[in-house]
Amino acid sequence: MKLLRFGASGQEKPGILDSQGKVRDLSGVIDDIAGDLLSDEALQTLRDTGLSALPEVAADVRLGPCVGRVGKFICIGLNYSDHAAETGAEVPPEPVIFNKWTSAICGPNDDVEIPRDSKKTDWEVELGVVIGKGGRYIDEADAMSHVAGYCVVNDVSEREFQLERSGTWDKGKGCDTFGPLGPWLVTRDEVADPHQLSMWLEVDGKRYQDGSTRTMVYQVPFLISYLSRFMSLQPGDVISTGTPPGVGMGQKPPVYLRDGQQMRLGIEGLGEQQQRVVQA
């Protein structure tokens, strides 16, 4: 299934994409794509719903972030060997963990704001993993049963705030609009292997990132198990798993986003996003 949320910001309703690519309204069945409604049992109930009987939604409706009420937005840094190489960094001996604040989350096609005083706002296409079943100390062999599904994430980053302002990466990662999610949450059963997906990102039609989840260093089962040693994972948590090469910081010379530019990005089988860049 391809689950989504639609409507005005803060007032999104749950929806589903049918086999003809039409958005259907799920608000008469569930109240949101969130929390316990992401469990295997709840998702199976949705599979058994007759989609043709659900109201059709206008084609031009705004899509919101594909998951609601996200508790944690956890990110993994330097998790692609070829991206680490382009930044001059070593592949870390353990996953690098940082956070994006949930206030950064926005719809897949919403405007992305360049923060005040920013000169180095950058892009990163990433595979997002949405947790469907919570847990602590999760065994790696059982980790995939905790996944509800996958989505596209643009891990927008302000490199000066992240790397040159001292302290943690978080201050350059969690600015408002720095976490577009969607267009939809693709359930686990529709993705045969999350480590075999092509992914790409363009700015103003120029392709900068053209990679694959094949070069991910720490794969999804390990990441879920690893993270669960340090925190409980809960339904609706989002894990953004790192980016392939081609970020603006890695260009020679570096290239950063400017007011008025257009980003377009996608992952095989998970859909596309498109954002206009605006000055905050």
Are there more than 12 heavy atoms of other residues, nucleotides or ligands under 6.0 Å from atom [atom1] of [X]?
| X | atom1 | result |
| --- | --- | --- |
| Asp259 | CG | yes |
| Arg69 | CZ | yes |
| Asp193 | CG | yes |
| Arg276 | CZ | no |
| Tyr137 | OH | no |

Heavy atoms, side chains only, cut-off 4.5 Å: are [X] and [Y] in contact?
| X | Y | value |
| --- | --- | --- |
| Asp122 | Glu158 | no |
| His195 | Val220 | yes |
| Pro194 | Met216 | no |
| Leu127 | Leu197 | yes |
| Leu223 | Asn79 | yes |
| Met199 | Thr213 | yes |

Taking NZ, NE, NH1 and NH2 as the nitrogens, is one of them in [X] or [Y] under 4.0 Å from a carboxylate oxygen of the other?
| X | Y | value |
| --- | --- | --- |
| Arg159 | Glu124 | yes |
| Asp189 | Arg47 | yes |
| Glu41 | Lys133 | no |
| Asp110 | Arg62 | yes |

Report task. Verify the ring-centre separation between Tyr208 and Trp123: is it less than 6.0 angstrom? Result ->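 Aromatic pair counts; centres sit under 6.0 Å.
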
Would you tell me whether [X] and [Y] have side-chain atoms, one donor and one acceptor, within less than 3.5 Å of each other?
| X | Y | result |
| --- | --- | --- |
| Thr243 | Glu126 | no |
| Glu272 | Gln274 | no |
| Gln162 | Ser157 | no |
| Glu94 | Tyr226 | yes |
| Thr45 | Asp48 | no |
| Ser228 | Ser225 | no |
| Gln275 | Asn154 | yes |

Requested in this report: Indicate, with yes or no, if Leu185 and Ile74 share a hydrophobic cluster defined by side-chain heavy-atom contacts under 4.5 Å among Ile, Leu, Val, Met, Phe, Trp and Tyr.
Outcome: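 No.
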
Report task. State yes or no: do Val255 and Met263 share one hydrophobic cluster built from I, L, V, M, F, W and Y residues joined by side-chain heavy-atom distances below 4.5 Å, directly or via other members? Result -> yes

Looking at [X] and [Y], would you say the former's side chain and the latter's main chain have a donor-acceptor pair under 3.5 Å?
| X | Y | value |
| --- | --- | --- |
| Thr121 | Leu257 | no |
| Gln273 | Val152 | yes |
| Glu12 | Leu63 | no |

